Q: 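Mind having a look at this structure? Questions to follow.
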Amino acid sequence: MTPSSLQSEKNQAEARWEHFAHDADIGVRGFGATPAAAFEQTALALTAVVTDPGDVSAREAVPVRCSASGLEVLLVEWLNCLVFEMATRSMIFARFQVSIEGSALEGTAWGEAVSVARHRPAAEIKGATFTELRVARDDAGVWIAQCIVDV
């Protein structure tokens, strides 16, 4: 294996998402080799609050752009833009691509129209909050992006 393929495998192994407990709402957390990768995984965790991301087809691309004064606030802006797109387009997303340059995020969310019968939505997300907001590297160099979403 070449060093670049080893790095690629490492980056893929680090990219993941999870939920974490919170009193009334739910925490979403993404992990990745870069802030952008962690933001993509946090968006998948957001989808998983509503339905199984594996049940969503990435049929239609929706561009998403936002900016903020720092990475933490940018995470909240990104997730709230996705919540807005889901609500106004009646869509659910399965795949995400994010690019962060300074204080600006340009991304794409791929998804499809919500099908109540197929997606069985479990919750409606009202928005991302500043509660337990964190975007930082852990001791192993993996980026973590998290916050609580209001359901």
Side-chain angles (χ1 to χ4, degrees), residues 8-9 11-138 142-151:
S8 176
E9 281 186 13
N11 291 348
Q12 290 173 0
E14 292 170 348
R16 61 187 172 91
W17 62 267
E18 67 185 21
H19 294 146
F20 61 96
H22 185 264
D23 293 338
D25 296 312
I26 190 160
V28 292
R29 182 181 291 138
F31 301 86
T34 64
F39 279 39
E40 293 167 1
Q41 293 301 308
T42 307
L44 274 174
L46 183 78
T47 295
V49 170
V50 178
T51 192
D52 180 349
D55 292 340
V56 180
S57 296
R59 293 183 181 155
E60 182 181 338
V62 174
V64 179
R65 290 176 181 82
C66 56
S67 61
S69 59
L71 280 177
E72 289 181 335
V73 178
L74 190 59
L75 176 66
V76 172
E77 290 296 320
W78 159 243
L79 296 177
N80 282 328
C81 283
L82 293 174
V83 169
F84 174 81
E85 295 296 341
M86 289 190 299
T88 59
R89 295 174 184 265
S90 297
M91 289 182 72
I92 191 81
F93 299 111
R95 189 170 64 113
F96 304 91
Q97 178 276 321
V98 170
S99 173
I100 299 172
E101 295 281 331
S103 63
L105 180 150
E106 288 196 26
T108 305
W110 287 268
E112 65 178 328
V114 173
S115 165
V116 174
R118 194 162 54 82
H119 297 127
R120 299 177 310 273
E124 180 179 348
I125 300 170
K126 297 173 190 163
T129 73
F130 290 91
T131 305
E132 295 199 42
L133 178 59
R134 179 176 175 230
V135 177
R137 270 188 161 157
D138 68 10
V142 176
W143 282 91
I144 301 167
Q146 72 174 40
C147 71
I148 301 296
V149 292
D150 186 15
V151 291

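Values in this document were obtained by computation on a predicted structure and should not be read as measured data. Below, all heavy atoms of this structure are taken into account, side chains as well, without hydrogens, waters or symmetry copies.
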Q: For residues Trp143 and Ala33, report the shortest heavy-atom separation together with the two atoms involved.
A: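 The pair with the smallest heavy-atom distance is CD1-O, 3.3 Å.
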
Q: Taking all non-hydrogen atoms of both residues, which atom of Val76 and which atom of Ala128 are closest, and how far apart?
A: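 Reported closest heavy-atom pair: CG1-O, 3.9 Å.
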
Q: Side chains of Val49 and Val28: does their closest heavy-atom pair fall under 4.5 Å?
A: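 Answer yes - side chains close enough.
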
Q: Do you know the tightest heavy-atom contact between Cys66 and Cys81?
A: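 Scanning both residues completely, I find the closest heavy atoms to be CB-SG, 3.9 Å.
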
Q: Nearest 0.5 Å, what's the CD-CD distance between Glu101 and Glu106?
A: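 Atom-to-atom, Glu101:CD and Glu106:CD are 8.5 Å apart.
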
Q: Once rounded to the nearest 0.5 Å, what's the spacing between atom CG of Leu79 and atom CE of Met86?
A: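 Answer for the CG-CE pair, Leu79 versus Met86, is 9.0 Å.
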
Q: Quick check for you: to the nearest 0.5 Å, what is the distance between Ile144 atom CD1 and Thr42 atom OG1?
A: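 Interatomic distance, Ile144 CD1 to Thr42 OG1, rounded to 0.5 Å: 10.0 Å.
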
Q: Please round to the nearest 0.5 Å and tell me the distance separating atom OG1 of Thr34 and atom CZ of Phe39.
A: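 One finds 9.5 Å between OG1 of Thr34 and CZ of Phe39.
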
Q: Please examine the side chains of Pro121 and Thr51, heavy atoms only from C-beta on, and report whether any two atoms are closer than 4.5 Å.
A: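 Side chain of Thr51 against side chain of Pro121, heavy atoms only: no contact under 4.5 Å found.
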
Q: With side chains defined as the heavy atoms from C-beta onward, is the minimum distance between Thr131 and Asp25 less than 4.5 Å?
A: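 Result no, sub-4.5 Å side-chain heavy-atom pair not found.
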
Q: Locate the shortest heavy-atom distance separating Glu112 from Ser57; write the atom from each residue and the value.
A: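 Of all heavy-atom pairs spanning Glu112 and Ser57, the closest is OE2-N, 2.9 Å.
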
Q: Check whether Arg118 reaches the backbone of Asp55 with its side chain - one donor and one acceptor, N or O, closer than 3.5 Å.
A: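 Side chain of Arg118 to backbone of Asp55, a donor-acceptor pair under 3.5 Å: yes, one is there.
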
Q: Measure the shortest side-chain to side-chain distance between Phe96 and Leu44 over non-hydrogen atoms and say whether it is less than 4.5 angstrom.
A: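 When only atoms from C-beta onward are counted, Leu44 and Phe96 do touch, with a gap below 4.5 Å.
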
Q: Which heavy atom of Leu74 sits nearest to which heavy atom of Ser103, and what is that distance?
A: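 Scanning both residues completely, I find the closest heavy atoms to be CD1-O, 3.9 Å.
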
Q: Output every pair passing side chain to side chain donor-acceptor pair (under 3.5 Å) with a member in residues 68-85, not counting sequence neighbours, ordered by first then second residue.
A: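 Pairs touching residues 68-85 that pass the test: Glu85-Arg89.
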
Q: Applying side chain to side chain contact (heavy atoms under 4.5 Å, CB included) to Phe130 and Val73, what does each step give before you reach the verdict?
A: CA-CA 8 Å; Phe130 290 91; Val73 178; 4.0 Å; yes

Q: Minimum heavy-atom separation for Lys126 and Val83, please, with both atom names.
A: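 The answer is O-CG1, 3.9 Å.
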
Q: Please report the interatomic distance OG1(Thr108) to CD(Glu40), rounded to the nearest 0.5 Å.
A: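 Rounded to the nearest 0.5 Å, the OG1-CD separation comes to 10.0 Å.
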
Q: Got a second to check how far Arg29's CZ is from Arg16's CZ, nearest 0.5 Å?
A: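 So the gap between those two atoms works out to 8.5 Å.
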
Q: Tell me if a side-chain donor or acceptor on Glu132 pairs with a main-chain N or O of Ile148 at a distance below 3.5 Å.
A: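 Not confirmed, Glu132 side chain does not pair with Ile148 backbone.
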
